[in-house]
> 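Input: one structure, supplied below.
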Amino acid sequence: NDKDYQSQKKLKSLKNSLNSLERRVETLEKEISDIDHQLLMNYDETISKPGFFDAYQDKKKELEQLMDKWEKLTLELDQMS
């Protein structure tokens with residue numbers, strides 16, 4: 001029936017959103033990890049890049065926001081199942 005169809009559609013949409021979020025989280029985690037490695041290997045040179053700290057903090061902030069979204073989507077999916 002129509003209600004089941006709408007539920008399935010919403011479920012699929014949530015799963016797609018979750019997959020997208022997970023891919024972005026993986027990318028950000030790798031970028032942050034690479035930066036952390038650069039900091040370990042050559043701290044002074046790494047921090048001397050223009051806008052370094054702002055960009056680094058932006059990535060960490062975005063990761064935090066994505067993790068919050070991920071939690072909410074996961075909860076929503078659990079409630080639908």
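Since the model is a prediction, treat every value here as computed from it, not as a measurement. Atom set for the values below is all heavy atoms of this structure, side chains included, hydrogens, waters and symmetry mates excluded. Residue numbers count from 1 along this sequence.
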> What's the separation between atom CG in L28 and atom CG in L66, rounded to the nearest 0.5 Å?
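Atom-to-atom, L28:CG and L66:CG are 6.0 Å apart.
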> Answer yes or no: is there a side-chain heavy-atom contact under 4.5 Å between I32 and D36?
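Yes, close enough: below the 4.5 Å cut-off.
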> Please name all residues satisfying salt bridge (Lys or Arg N to Asp or Glu O under 4.0 Å) with K30, sequence neighbours left out, ordered by chain then number.
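Counting only residues at least two positions away or on another chain, K30 forms a salt bridge (Lys or Arg N to Asp or Glu O under 4.0 Å) with D34.
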> What are the two closest non-hydrogen atoms of N42 and T46, and how far apart are they?
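Scanning both residues completely, I find the closest heavy atoms to be O-OG1, 2.7 Å.
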> To the nearest 0.5 Å, how far apart are CD in E22 and CD in E29?
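The distance works out to 10.5 Å.
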> Quick one: CG on L73 to CG on N16, what's the gap to the nearest 0.5 Å?
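Separation between the atoms: 11.0 Å.
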> Closer than 3.5 angstrom, by distance alone: can the side chain of S17 be matched with the main-chain N or O of S13 as a donor-acceptor pair?
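Yes, the answer is positive, given that a donor and an acceptor are paired below the 3.5 Å cut-off.
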> Give a yes or no on this: more than 12 heavy atoms of other residues, nucleotides or ligands lie within 6.0 Å of atom CD of E45.
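For E45, atom CD is not crowded (no more than 12 foreign heavy atoms under 6.0 Å).
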> Run through the side-chain heavy atoms of Ile, Leu, Val, Met, Phe, Trp and Tyr, join any pair under 4.5 Å, and report what else lands in Y5's cluster.
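None; Y5 is a cluster of one.
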> Let me confirm one number: the NZ-OH distance from K61 to Y56, rounded to the nearest 0.5 Å.
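The NZ atom of K61 sits 14.0 Å away from the OH atom of Y56.
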> Could you check whether any side-chain heavy atom of W70 comes within less than 4.5 Å of a side-chain heavy atom of V25, counting everything from C-beta outward?
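Side-chain contact under 4.5 Å: no.
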> Is it the case that more than 12 heavy atoms not belonging to E64 sit under 6.0 Å from its CD atom?
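No - once you tally the heavy atoms of other residues, nucleotides and ligands closer than 6.0 Å, there are 12 at most.
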> Could you measure the distance from the CD1 atom of I35 to the CD atom of Q38? Nearest 0.5 Å is fine.
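If I round to the nearest 0.5 Å, the distance is 6.5 Å.
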> Output all residues satisfying salt bridge (Lys or Arg N to Asp or Glu O under 4.0 Å) with E31, sequence neighbours left out; order by chain, then residue number.
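Counting only residues at least two positions away or on another chain, E31 forms a salt bridge (Lys or Arg N to Asp or Glu O under 4.0 Å) with K59.
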> Can you name the nearest heavy-atom pair linking L39 to F52, along with the distance?
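So the two residues come closest at CD2-CZ, 3.7 Å.
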> Hey, what do you get for CG (L14) to CE (M80), rounding to the nearest 0.5 Å?
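The distance works out to 6.0 Å.
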